[in-house]
Amino acid sequence: MTDIYLHNTLSGQKERFIPMDPDHVRVYVCGPTVYSYVHIGNGRPAVVFDTLTRLLRSAYPRVTYVSNITDIDDKINAAAAEGGESIKDLAARYTEAYLQDIQTLGVIPADVIPLATHHIQEIVSMINELIDAEFAYVSAGHVLFHVPADPEYGSLSKRSLEDMVDGARVEVADYKKDPKDFVLWKPSSPEQPGWDSPWGRGRPGWHIECSAMVKKHLGETIDIHGGGADLTFPHHENEAAQSRCANASKDYVRYWLHNGMLTLGSEKMSKSVGNVMTIRSLSQKHSGETLRYALLSGQYRSSLAWSEDLLVQAKSSLDSLYQSLRGKDHQETSSAYANLALGAYPQSVVTALKDDLNTPRALAAMHELGAALRRAEDEEARNQARSALLAGGWLLGLLGQSPDEHFTAGDAQDSLDAQQIEALIEARRQARADGDYAGADRIRDDLAEAGIELEDSRDGTRWRRR
RNA sequence: GGCUGGGUGGCAGAGUGGUGAUGCAGCGGACUGCAACUCCGUUAACGCCGGUUCGAUUCCGACCCCAGCCUCCA
């Protein structure tokens, strides 16, 4: 028995994770709507659930991880109209960009990355089932889910139907039987994207795509469903209602997991507020690994204050791990430790992750492993400690570069290439040998000016870019 | 207003009924020609007020403050 504990939004508590089928764990995570470049807040669930998947894969023989992309949405339509681009092209372009961006963050692609527009048939048939079972009705070209028909509605987001009426910001439309009813299908005008359906040409509402794609790719009941905390209501509440009512199975999702929001300033990072930082722009200045470290530096359910200082600290912390690994003839990366059994990973890191994915504690464990490596007395102890650190790095999706790559990899903007640097180091060595310390220091200062720091040791001088 | 979650050292961020993580930064020392790297040591915290307790940052209650959701949102 693997004792992984996860906080389940449904119960509001940490629960022991017991998969429905221990031979096959099923995970679904909500991806973004692709109408522009995604921001780092969108990267958080990608990184968090990637880390969870790494843990699950080492604990269970088979894990199917599905993460969708919403490529049909009115915001996409609007963005396309504004840019004079076809909706299809725009969505395809930003889908591709999103996949690149999360790869930058060290995310292993999900097993299945379904697109809403590829599942119209499944969506239509699920809506039909809901109509047949009288949970949904047709009205003025729309199909609506009738919220009061589902006695369990509100169980996920913990709100009563009365609360929602009080909130009173639900869209009231005269074609709705109840103000809380939400759209499963809506009519499209000729210039809007649409598909033929029993209710005329139209397009799906937001929530139904996930219900349909989960069912198609994972089945009627799944183990884990993840996503941002801001999706709990209404998206996941509605999705759960649809699936519960359309499927024969009573259980839709056994464990609902929600990651907290990133904040920028004192406010949630959000496109509608306008305070976003795209992964694309951040990765101009910071490595994807630094961004990932920063994302993992907070426990996933807490909100995390994004700032330049956070990134500076993440970079320094990451450098310290890589510094531990540095050494001649040691260019192994964490990928050498991919997909091992759980017992093969350092237990301090595993224990932290098994406790509701406590990544800050896991990182603390990594630093302890790093310190142990730096202090190791002999070659055997060093090799053992190095392996432990790299293995832990795999679980967290870190240390995927060799130490030398990490410290010396440059780009076209750098004023000096490795060859020039090595030549200057040799000149400095000569100067020091000649007792010309002023000359030697001048070279070191010049290099520092160019962003190159030297580290002397008995084995010679090595260098790193700042 | 309702429903969640939270307030820990300069910063980030774990955790615990009594020995007070971890990282970044700081300080002292070792190493070094001097530095950097590294090592050793070290400063410093638990929103506020009550209660329970031999003892609370950790449990209970009130209060203050913050964030999220209640509309599109990761």
Side-chain angles (χ1 to χ4, degrees), chain A residues 7 9 12 29-33 35 38-49 67 70 73-75 98 154 157-160 162-171 206 226-235 237 258-263 266-273 276 293-294 296-305 307 309-321 323-324 326 348 352 355 358-368 370-371 374-375 407 432 435-438 440-441 444-445 447-448 452-458 461-464 466:
Chain A
H7 179 94
T9 306
V29 173
C30 283
T33 302
Y35 61 96
V38 298
H39 57 80
I40 189 67
N42 296 283
R44 173 123 100 150
V47 165
V48 163
F49 293 108
S67 186
T70 299
D73 178 275
D74 288 349
K75 282 186 179 158
Y98 168 69
S157 57
K158 315 251 187 302
R159 57 193 82 202
S160 65
E162 299 82 74
D163 288 345
M164 286 179 261
V165 175
D166 290 349
R169 279 205 275 182
V170 284
E171 184 195 355
W206 177 28
D230 54 355
L231 298 183
T232 311
F233 188 90
H235 181 54
E237 191 69 73
H258 290 102
N259 63 274
M261 300 292 100
L262 251 48
T263 58
S266 61
E267 239 181 330
K268 172 186 167 187
M269 187 183 291
S270 140
K271 281 179 189 168
S272 46
V273 178
V276 299
Y293 191 106
L296 293 176
S297 70
Q299 205 270 348
Y300 76 93
R301 289 199 296 124
S302 304
S303 62
L304 179 67
S307 68
D309 199 42
L310 180 73
L311 292 171
V312 169
Q313 294 187 13
K315 169 75 161 64
S316 298
S317 302
L318 194 55
D319 281 350
S320 129
L321 292 179
Q323 196 77 51
S324 310
R326 239 183 152 182
S348 55
D355 182 14
N358 192 331
T359 52
R361 214 163 83 205
L363 290 172
M366 289 289 284
H367 284 283
E368 272 157 12
R374 293 191 299 267
R375 283 176 213 150
F407 287 115
R432 290 175 78 202
D436 175 16
Y437 291 119
D441 288 350
R444 187 172 64 196
D445 292 344
L447 281 167
I452 309 299
E453 281 189 353
L454 301 186
E455 295 169 11
D456 290 333
S457 76
R458 295 141 298 280
T461 299
R462 70 188 184 195
W463 58 278
R464 55 175 289 195
R466 292 186 43 83

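Each chain gets a letter, A, B and so on, in the order its sequence line appears, and its residues count up from 1. We use all heavy atoms of the structure for the numbers below, so side chains are in, but hydrogens, waters and symmetry mates are not.
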Residues two or more places apart in sequence or in another chain: which of them pass salt bridge (charged side-chain N to carboxylate O under 4.0 Å, His left out) with A:K271? none
Without decimals, in angstroms, what is the distance between A:R301 CZ and B:C69 P? 17 Å
Identified pairing partner of B:C48, criterion: Watson-Crick or G-U wobble below 3.5 Å: none
Base, sugar-phosphate, or nothing for A:Y437, non-hydrogen atoms under 4.0 angstrom? base
When all nucleic acid strands are considered with a 4.0 Å heavy-atom cut-off, which category describes A:S307: base, sugar-phosphate, or nothing? nothing
Separation of B:U71 C1' from A:D74 CG (nearest whole Å): 14 Å
Does A:R361 contact B:G13 through a side-chain donor or acceptor facing the base, at a distance under 3.5 Å? no
Any base atoms under 4.0 Å from A:D309, or only sugar-phosphate, or nothing? Heavy atoms, all strands. sugar-phosphate
B:A35 base to A:D456 side chain: any donor-acceptor pair below 3.5 Å? yes
Pick the C1' atom in B:C48 and in B:C63, then give their distance to the nearest Å. 7 Å
From CZ of A:R374 over to C1' of B:C40, roughly how many Å is that when rounded to an integer? 13 Å
Taking pairing as Watson-Crick or G-U wobble with both contacts under 3.5 Å, can you name the mate of B:A21, or confirm there isn't one? none
C1' atom, B:A67 versus B:G47: distance in rounded Å? 15 Å
Scan A:L310 against the nucleic acid and name what it touches under 4.0 Å (heavy atoms): base, sugar-phosphate only, or nothing. sugar-phosphate
When the P atoms of B:C64 and B:U57 are considered, how many whole Å apart are they? 22 Å
Partner of A:K268 under side-chain contact (heavy atoms from CB on, under 4.5 Å), picked from A:D230, A:L262, A:V273, is A:D230
Within the 4.0 Å heavy-atom criterion, would you say A:S266 contacts the bases, only the backbone, or no part of the nucleic acid? sugar-phosphate
Just checking A:N358: base, sugar-phosphate only, or nothing, at a heavy-atom cut-off of under 4.0 Å? sugar-phosphate
By the 4.0 Å heavy-atom rule, please label A:K75 as base, sugar-phosphate, or nothing. base
Mind checking who B:A62 pairs with, Watson-Crick or G-U wobble, both distances under 3.5 Å? none
Quiz item: A:R444 side-chain donor-acceptor pair to B:A35 base, under 3.5 Å: yes
Tell me the partner of B:U4, counting only Watson-Crick (N1-N3 plus N6-O4 or O6-N4) or G-U wobble (N1-O2 and O6-N3) with both under 3.5 Å; none if nothing fits. B:A67
Expressed as a whole number of angstroms, how long is the span from A:L304:CG to B:A67:P? 16 Å
Distance test, side-chain N/O of A:K268 to OP1/OP2 of B:C69, below 4.0 Å: yes
Suppose we call a contact any N or O donor and acceptor under 3.5 Å apart; does that hold for the side chain of A:Q323 and the base of B:C37? no
Heavy atoms only, 4.0 Å cut-off, all strands: where does A:S272 land among base, sugar-phosphate and nothing? base
Given the P atoms of B:C72 and B:G9, what is the spacing between them in whole Å? 38 Å
Looking across every strand, which nucleic acid part, if any, lies under 4.0 Å from A:M269 by heavy atom: base, sugar-phosphate, or nothing? base
Need one value for A:H235: base, sugar-phosphate or nothing, where a base atom within 4.0 Å counts as base even if backbone is also close, heavy atoms only. nothing
Please determine, for B:C27, whether a Watson-Crick or G-U wobble partner exists with both distances under 3.5 Å, and give it or none. B:G41
Base, sugar-phosphate alone, or nothing: which one does A:G41 contact when heavy atoms must sit under 4.0 Å apart? base
Taking the same atom, P, in B:G20 and in B:A44, what whole-Å distance lies between them? 12 Å
Which part of the nucleic acid, if any, lies within contact of A:G260, taking any heavy atom under 4.0 Å across all strands shown: a base, the sugar-phosphate backbone alone, or nothing? base
So, is A:N259 close to the B:G68 phosphate, meaning a side-chain N or O under 4.0 Å from OP1 or OP2? no
